[in-house]
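Chain letters run A, B, ... following the sequence lines, proteins first and then strands; every chain starts at 1. Side chains are part of it too, since the values below use all heavy atoms of this structure and drop only hydrogens, waters and symmetry mates.
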Amino acid sequence: MPPLHRLDLPALEREWLARWQQDGTMERYLHRNDHAEERFRFIDGPITANNQMGVHHAWNRALKDYYQRYHTMRGQRQRYQNGFDCQGLWVEVEVEKEFKFKNKHDIEEYGIAPFVERCKERVLRFAGLITEQSKRLGYWMNWDNSYYTMSDENNYTIWHFLKTCHERGLIYKGRDAMPWCPRCATGISDMEINEGRKEVQHTSVYVRFPLQDRAGEYLLVWTTTPWTLPANVAAAVNPDLTYAKVAQDGEFYYLSKDLVPKLAKLRGKQHGDFQVVGELPGADLVGWQYTGPFDELPAWQDPSRDVDLKGTRPVPLRDPLVHRVVPWKDVAATEGTGIVHIAPGCGREDFFLGKDEGLRVIAPIDENGAYIAGYDWLTGRAVNEGHTDDKGHGVNTLARAIMDNLKAKELLYQTESIQHVYPHCWRCGTELIFRNVEEWFINMGPKDDPNHQGLRYEIMAVVEQIRWLPGFGLERELDWLRNMEDWMISKKRYWGLALPIFDCAQCGHFEVIGSKQELHDRAVAGWEEFDGHTPHRPYVDAVQIRCSQCGAVVSRVADVGNPWLDAGIVPYSTLNYLDDREYWRAWFPADFITESFPGQFRNWFYSMLVMSTVLENRPPFQTVLGFASVLAFDGSLMSKSKGTALWFAEAVEKLGADTMRWLYAAQPPEQDVWFPQVPTDDEMAAAQAKGVPVRLNDSWLQIRSTLDKLWNVYYFFVTYANIDGFDPAQHTVPPAQRADADRWLLSELQETIRLVTEGLDDFDSVKAANAISECVDQVSNWYIRRVRRRFWKSAMDDDKAAAYLTLYEALVTLAKLLAPFTPFLAEAIYTNLARPHPPTPSPSAMERGSEMGSPLHRNGEGLGVGPLSPSVHLTDWPAVDPALVNPELRAETRIVQRVVNLGRAAREKAQLRVRQPLAALHVRVPAVADQDRLVRLTAQALDELNIKALKLLPPHSEMLTASVKPKMAALGQKYRTQMPKILAALKTVESDQALAFAASGQLPLQLADGATVMLTPAEVEVQAGAQEGYVAAEDRGLVVVLDAHVTPELAAEGLVRDLTHLLNALRKRADFAIEEHITATVVTDAALAEIITRFAAEVREETLATTLTVLPSDDGTPPELPAGAITEEIAPGKLGGHPATLAIARAPKRATPRARTAKGDAPATK
RNA sequence: GGGCCUGUAGCUCAGUUGGUUAGAGCGCAGUCCUGAUAAGACUGAGGUCCUCUGUUCGAGCCAGAGCAGGCCCA
């Protein structure tokens, strides 16, 4: 049975995407506030236009959309500009994959110009796809005005920034040790490294370094990368560890004391017994000198071949030809020998240590991983030289050669095979090495500067002016800024910002060009070749300028820029900083940005902060909302390479965009979100074959429950409004004349508006979403339960109209509050209820059940819902109407709800189903105010519980016991150490003593030690409980006691209600329309037949039966039933042990649609 | 190795300035309610509040030590 009433979001969304397209709603939305005074300044962090969207992108974009939509409804002017990040290695890598390029050589063979073109094409292709997918998400932006970081203005604004940096002397050429793939001849970024780690087996070596001036004594050193030994310049020890001097074979070794036991295994056959002959702190070793393992190589003998460290923080080299022991606190006592071989040209940590210690930097390897000149027999050999042996094991012949060489020199102590996780190139699988390469940097200034001078501290001052959400973001960014190294802005690649740096090879002077015009003015060659092209390689490379110092002709450095320059400049470039300063001033800084936290502290947030500090010394944004990561349904990381990533396109058609948007709205942004499992393709196909929306799993149902409940409420409203032909414009009932329940709901609605508004003002979508959920829950589970009978009655009097109007106003308001979060659902509900001239829904939509069967036609102004609009997204944000706020009614309803809950609990204990009417409910209410409240709304509680009378219990009722309950905070404050005795004594207080205390306000208490204390109501409270033997339930002093006695008359009424329920259930199963009339027949025993006959009028009314025939049949064999009737045999257990068979059939149509009596709510008394 | 954070029910998490017998949602079991409901209500089972030591009349909360995990940095 395809239920029209089941919410099918994907279908509904497709319908609305088409409609919005047709009537240009988004365009109107984008321009509705064009002339508004107030602005909401949002800057979009550019999405990488390199792939289709994943579900994690939907979180990002949904958050952006919530707040922009909200501020639009608040009437604020916005730019709605989306951004695409276009330049960088990630694009190159994908293009390389497409063309099956293996390395840079392949690219250069193909040609840089066409390669760059392919990169641009790829970016545009995916920008287009992302645009379409974003629209599918319901993300409303000015899609024709997206910015691209590869644009001229973006690149030239970065030039301006770099020139400004240079004018402050911040740009320098330096060196960095970076992971390097010798096969691809390229550096590997940290992020890429994480993708390529795997466990491998290597041969590690233990080498002995002969100490100078200590004949026969050696440092024992361990390394897993023998190829770095020719670049050794130092050995590091931990000054805080204890080292041992070990005697063996007439010689002495130094190593960490903790690692001495390892020698037993390591000595092998080559070495004899050993013994520890002395201990000394690591600090004592520092400064010792030793003979290096490859001192004979020309490279070691000639320091002029060393890496030029010009530009780095200068630390004078000490004794360039000497190897020495240096202190390093990071040396661990758990691995190797506790003495670490240091080669600053071959490792990152080594490099930093070398900088601090003023060590030589010997970089022995070229970009293909082979030794450069000066390494004698090693020159030209690659560090990964080797082959695979018969058993399939990799054999590194270079490592073997080095070991043989060391052995010959009697420096090799031992080798050891180790299994460890080692970085590999994620593209080609080659083991990575560390290379020292020349790069360009922005100087961030010293760390730990006591005077807080330098760019680093300027940025930190800017950061503190920003509101970080969640709060830990501020500390995290500051932490990064305190510890960051200088910013490396260059990369030796092709597709990216052309760094406008001209480095004179002749005199060493370099210049930074700040604009296209300046480049034009300075150009001495190559302008014609460049003119007409974007500032990208290779064309911009052709332009040459004259060195202002020596007059030589200089080319641009070949490097491209770090891609975070591209994104970081956006608050300037996209706001026309260079061309239209007025415009920039109007839109800068951003009020709000939001991006995923992981990474952005040192990426986008960081680059914006650096650039804005240098250019204007101002925060580029005032509030930043960070959010965490999207994990798979089981909490594991979603990974593209493992195939566990979930594409947006697939998820959105299975779940609906609004489902995802609601998930993210209610998700605390600082916590990772577990994205539940989406239906499989098979499930989708099966559902489609049956013509029903696919069944989502429980996790999704839970997430979606608010939307489903709202939809059901909406469906309820529309169903009856259509039966009644209800038109909200035709009725006016002032709130004061409406029933309590109506006025209560209107008050709840105001509270909801207040909370949602506060939440969105505060960038707290969770608070907003929770307030909406709470309200929907109250409408669905309280309001409608309370008032449904008013919709059932036949006459359209003021009472019925008031219920309609109240529910109508609630739905329209909720639709507006939901509009920023679930734009599709909100639009569907709003337009059907409130749009002045709704278009007819397309037949396909009606078939799929995405749309209500008959839209409500409305004309004129809405009542209590503001001016009507063709789209909820063009309406104004609802405002709280103080006249409708009613805290007293709220409190009244709350106490009723508490009593109802207790009444249900008591019924559960007594096994008395709710359909069984009971005579009385006795209630003890602790607070007098609450008692009055309950009395006023007694009818609601009784109706809900199906009980005929509510009786208030006096404190001394025989149904109650009184007990005393200590107020710990007050008592403890006063009596301290006497507390255990007092608590013990309080437990012995009897009910009548408690009642006496309640009357007198004084509780004398005899303690175990004979002392007496006098306790007061401030220290002890009296609480009522139920006397044993009564069916009762209690909660914080509120007690309800059921009169559980079921008289024959009550039992009969209960049976009648059961029968009514069964008949109605049968109607529903038989698919009878709600307003359809039936003829009913009941076959049952004589006893039940008598009862039904007695209550026949009521049964007929409740089941819309024009006739009710009761046929007694004691033997259970039914007499002849009406032909064509739908019959059902009822298990006796369901009707108090009476056997029965029911039969219903459609009755001829009558004029009145529905004729039930309204019970429950009394009319308004005020 | 440094910094930050987290250990509470099967799962995900709340838990106010220290206050009796530690809660919610989901899941599980049972009962009920329902002609809007893929909804809802009630009851129940389920706990060494990571461990130890201390402070206190009283510790999930405070202090110290340890264990385990996460994130960031190196």
For [X], salt bridge (Lys or Arg N to Asp or Glu O under 4.0 Å) partners two or more places apart:
X: A:K767; result: A:E758
X: A:E475; result: A:R482
X: A:E595; result: A:K64
X: A:R976; result: none

Please tabulate the protein-to-nucleotide N/O contacts below 3.5 Å involving nucleotides 42-44 of chain B, giving atom names and distances.
unit_1, atom_1, unit_2, atom_2, d
B:C42, O2, A:E908, OE1, 3.3

Pull out every protein N or O sitting under 3.5 Å from an N or O of nucleotides 71-73 of chain B, one pair per line with the distance.
unit_1, atom_1, unit_2, atom_2, d
B:C73, OP1, A:R602, NE, 2.1
B:C73, OP1, A:R602, NH1, 3.1
B:C73, OP1, A:R602, NH2, 3.0
B:C73, OP2, A:R602, NH2, 3.3

Does the separation of the ring centres of A:F791 and A:Y804 fall below 6.0 angstrom? yes
Centre-to-centre under 6.0 Å for A:W480 and A:F605, is that the case here?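 Between A:F605 and A:W480, which both carry aromatic rings, the centre distance is not below 6.0 Å.
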Please report the distance, rounded to the nearest Å, between CG in A:L1007 and C1' in B:C57.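 After rounding, the gap between these two atoms is 13 Å.
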Please report, rounded to the nearest Å, how far the P atom of B:U37 is from the CZ atom of A:F791. 15 Å
With sugar-phosphate meaning primed atoms plus P, OP1 and OP2, does A:R907 contact a base, only sugar-phosphate, or nothing at under 4.0 Å between heavy atoms?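 Nothing: the residue A:R907, judged by heavy atoms under 4.0 Å, touches no strand.
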Return the polar atom pairs (N/O with N/O) between nucleotides 59-61 of chain B and the protein under 3.5 Å, or none.
none

Under 4.0 angstrom between A:R1057 side-chain N/O and B:C33 OP1 or OP2: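 No.
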Would you say B:U56 has OP1 or OP2 under 4.0 Å from some side-chain N or O of A:R976?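 It does not, given that no N or O in the side chain of A:R976 lies less than 4.0 Å from OP1 or OP2 of B:U56.
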salt_bridge(A:R704, A:D658) N-O dist < 4.0 Å: no
Name the residue closer to the 5' end of RNA chain B, choosing between A:R915 and A:V900 according to the nucleotide with the nearest heavy atom. A:R915
Provide the distance between the two C1' atoms, one in B:A29 and one in B:G19, to the nearest whole Å.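 Looking at atom C1' only, B:A29 and B:G19 are 35 Å apart.
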Suppose you measure atom P in B:C72 against the same atom in B:A59; what distance do you get, rounded to whole Å?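 Looking at atom P only, B:C72 and B:A59 are 38 Å apart.
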For [X], enumerate each residue passing the side-chain contact (heavy atoms from CB on, under 4.5 Å) test, keeping only those at least two apart in sequence or located in another chain.
X: A:R913; result: A:R915, A:Q916, A:D1058
X: A:K981; result: A:L1007, A:D1009
X: A:F472; result: A:P470, A:R476, A:F597, A:E670

Taking only nitrogen or oxygen atoms into account, show me every contact under 3.5 Å that the protein makes with nucleotides 23-28 of chain B, one pair per line with its distance.
unit_1, atom_1, unit_2, atom_2, d
B:G25, O2', A:Q702, NE2, 3.2

Short side-chain donor-acceptor distance under 3.5 Å, A:R907 and A:N946: no
Give every residue pair that meets the side-chain hydrogen bond (donor to acceptor under 3.5 Å, both in side chains) criterion with at least one member in residues 774-783 of chain A, sequence neighbours excluded. A:K709-A:D777, A:D742-A:Y783, A:E774-A:Q778, A:D777-A:N781, A:Q778-A:Q897
